[in-house]
2 protein chains.
Amino acid sequence: MKMAEKKHLNSSLLERLATNGFRFTPQREHVYSVLLEKRDHPTAEEVFIRAKRRMPDISMATVYNCLDALVKCRLVRQVALERGAARFCPNMQEHSHFYCDSCEQVFDVNLPPEPVIGLPRGFKAERYDIAIHGRCPECKT
Amino acid sequence: MKMAEKKHLNSSLLERLATNGFRFTPQREHVYSVLLEKRDHPTAEEVFIRAKRRMPDISMATVYNCLDALVKCRLVRQVALERGAARFCPNMQEHSHFYCDSCEQVFDVNLPPEPVIGLPRGFKAERYDIAIHGRCPECKT
DNA sequence: GTCAATACTTGGAATAATTCTAATTTGCGC
DNA sequence: GCGCAAATTAGAATTATTCCAAGTATTGAC
């Protein structure tokens with residue numbers, strides 16, 4: 001990553017954190033960069049392992065705290081795909097997730113332009129979580 | 001519930017279990033009836049508490065086993081809505097779930113006739129899990 | 001720039017949800 | 001009815017997440 005890009009990333013991260021009442025910390029910057037680096041929907045545990053590589057003293061509690069802050073700032077999405085650990089995804093474009101029940105990989109899938117579901121009167125939707133389960137091309141029998 | 005209805009329920013449950021390689025047990029019958037009785041998307045813990053009322057010796061491990069069997073027989077759906085416990089729902093019609101982030105209640109929402117999302121070549125969808133987060137009519141500010 | 005208030009980080013303990021284990025019991029095909 | 005595999009049980013173990021208390025760092029006011 002070029003210096004200019006890094007600077008821009010940090011200033012927009014700082015701004016986003018600040019407007020949501022959070023402080024800018026090296027840990028939050030680092031956790032966010034880890035998520036951007038490899039967009040494979042890691043679990044909190046996996047984020048922790050990757051974050052430790054360049055920041056060996058970071059703790060699991062901090063990783064959870066950082067992920068929480070990033071989710072609340074709407075910089076990261078949290079998805080529940082299988083029984084078990086939550087997964088995190090820095091792609092904030094409208095999209096849904098395809099979960100391969102065989103190899104357990106997760107793929108981003110674009111939504112059609114009209115994903116709107118008719119809700120009964122009085123319900124106010126804030127966010128849609130669409131998970132599609134099935135077989136990916138590699139695992140088709 | 002009338003006797004005739006109960007008989008029918010049991011024979012169809014038996015059949016469904018059998019064709020999926022499961023045995024018919026009083027515990028599985030009871031757990032299924034508990035889910036049908038109050039369709040409020042209980043957690044496994046809640047199912048356990050309700051099941052104990054008329055079957056005091058049932059254990060938590062059995063409740064998990066029964067729910068697993070029912071899910072594998074496609075008699076029950078398992079949904080992950082929030083961080084935390086999974087929830088169970090015996091409504092097998094195509095539908096999605098509305099989760100109120102304020103009061104934490106879950107509502108079934110009918111899907112439009114065209115819920116199909118264009119998947120990239122080679123992906124085979126087996127099931128869609130659509131969770132909508134927002135505010136229910138009671139909690140609208 | 002200094003200071004104070006308070007949010008954040010840390011390691012470890014605690015909790016919650018689920019799965020595993022080993023012994024016993026039960027359903028079901030023969 | 002018999003025998004075997006599957007299911008049940010209580011409790012231990014594991015996994016994922018949250019809580020806690022002490023020290024540290026960030027931010028806004030001066």
Side-chain angles (χ1 to χ4, degrees), chain A residues 10-11 13-34 41-52 54-73 75-76 78-88 104, chain B residues 10-11 13-34 41-52 54-73 75-76 78-88 104:
Chain A
N10 290 356
S11 66
L13 174 59
L14 190 153
E15 191 177 25
R16 192 69 82 92
L17 286 166
T19 60
N20 286 274
F22 293 104
R23 290 182 179 169
F24 179 87
T25 69
Q27 288 85 350
R28 284 177 181 163
E29 183 200 351
H30 184 52
V31 165
Y32 189 42
S33 83
V34 160
H41 309 83
T43 62
E45 180 81 32
E46 285 160 349
V47 172
F48 176 56
I49 290 162
R50 291 176 199 177
K52 259 183 119 66
R54 283 196 290 122
M55 192 180 268
D57 289 341
I58 197 170
S59 78
M60 193 69 211
T62 300
V63 168
Y64 273 104
N65 174 314
C66 293
L67 290 170
D68 240 54
L70 294 170
V71 168
K72 287 199 178 115
C73 291
L75 285 163
V76 164
Q78 179 177 2
V79 238
L81 292 157
E82 344 86 73
R83 239 208 267 248
R87 287 162 176 272
F88 299 87
E104 305 186 352
Chain B
N10 291 355
S11 67
L13 174 58
L14 190 152
E15 192 178 22
R16 192 69 82 93
L17 286 166
T19 60
N20 286 273
F22 293 104
R23 290 183 179 167
F24 179 87
T25 69
Q27 288 86 348
R28 284 177 180 163
E29 183 200 350
H30 184 51
V31 164
Y32 189 42
S33 83
V34 159
H41 309 82
T43 61
E45 179 81 34
E46 284 161 350
V47 173
F48 176 57
I49 291 162
R50 291 177 200 176
K52 258 182 118 67
R54 283 195 290 122
M55 191 180 269
D57 290 341
I58 197 169
S59 78
M60 194 69 210
T62 300
V63 169
Y64 273 104
N65 175 315
C66 293
L67 290 170
D68 241 53
L70 294 170
V71 168
K72 287 198 179 116
C73 291
L75 285 163
V76 164
Q78 179 177 2
V79 239
L81 292 157
E82 344 85 74
R83 238 205 271 244
R87 288 162 175 274
F88 298 87
E104 305 186 353

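Every chain is numbered from 1, with letters handed out A, B, ... down the list of sequences.
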Query raised in the report: If you look at every heavy atom in A:Val34 and A:Arg50, which pair is closest and at what distance?
Result: CG1-CB, 3.7 Å

Query raised in the report: In whole angstroms, how far is the C1' atom of C:dA17 from the CZ atom of B:Phe88?
Result: 11 Å

Report task. Starting at atom CZ of B:Arg83, determine the distance to atom C1' of C:dT18, rounded to an integer number of angstrom. Result -> 17 Å

Query raised in the report: Could you state the CD-C1' distance from A:Glu15 to D:dT27, rounded to the nearest angstrom?
Result: 17 Å

Report task. Give B:Glu45 one of three labels, base, sugar-phosphate or nothing, depending on what nucleic acid heavy atoms sit under 4.0 Å from its own. Result -> nothing

Query raised in the report: Taking all non-hydrogen atoms of both residues, which atom of B:Leu70 and which atom of B:Arg28 are closest, and how far apart?
Result: CD1-O, 4.5 Å

Report task. Return the nearest nucleotide to the side chain of A:Ala85; candidates are D:dT17, C:dC8, D:dT26. Result -> D:dT17

Report task. Would you jot down, in residue-number order, the residues of residues 57-73 of chain B having a non-hydrogen atom under 4.0 Å from DNA chain C? Result -> B:Ala61, B:Tyr64

Query raised in the report: Between the base of C:dT6 and the side chain of A:Arg23, is there a donor-acceptor distance below 3.5 Å?
Result: yes

Query - Minimum heavy-atom distance between B:Ile58 and B:Lys52, given as atom pair plus value - result: O-NZ, 3.6 Å

Query raised in the report: For A:Phe48 and D:dT15, what is the distance between atoms CZ and C1' respectively, to the nearest whole Å?
Result: 15 Å

Query - Between P of C:dT9 and CZ of A:Phe24, the distance in whole Å - result: 11 Å

Query raised in the report: Quick check: does any side chain N or O of B:Asn65 sit under 3.5 Å from a backbone N or O of B:Ala61, one acting as donor and the other as acceptor?
Result: no

Report task. To the nearest 0.5 Å, tell me how far A:Leu67 CG sits from A:Thr43 OG1. Result -> 9.5 Å

Query raised in the report: Does any N or O in the side chain of B:Arg87 come within less than 3.5 Å of the main-chain N or O of B:Val79, such that one atom is a donor and the other an acceptor?
Result: no

Query - Inter-residue atom distance A:Ser59.OG - A:Phe48.CZ, 0.5 Å rounding - result: 7.0 Å

**Report entry** side chain to side chain contact (heavy atoms under 4.5 Å, CB included) involving A:Tyr64 - partner list, sequence neighbours excluded
**Finding:** A:Ala44, A:Met60, B:Arg83

**Report entry** B:Glu15 atom CD, neighbour heavy-atom count above 12 within 6.0 Å
**Finding:** no

Query - End axis versus end axis in the helix from C:dG1-D:dC30 to C:dC30-D:dG1, the angle rounded to 10°, five pairs used at each terminus - result: 50°

Query raised in the report: With respect to the phosphate group of C:dT9, does any side-chain polar atom (N or O) of A:Thr25 fall under 4.0 Å of OP1 or OP2?
Result: yes

**Report entry** Residue whose closest nucleotide on DNA chain C lies nearer the 5' end, B:Thr43 versus B:Pro26
**Finding:** B:Thr43

Query raised in the report: What is the distance, rounded to the nearest whole Å, between atom CE of B:Met55 and atom P of D:dA7?
Result: 15 Å

**Report entry** Between P of D:dA10 and CD of B:Gln27, the distance in whole Å
**Finding:** 11 Å

Report task. Would you kindly give the CD-to-C1' distance between B:Glu46 and C:dA17, to the nearest whole Å? Result -> 13 Å

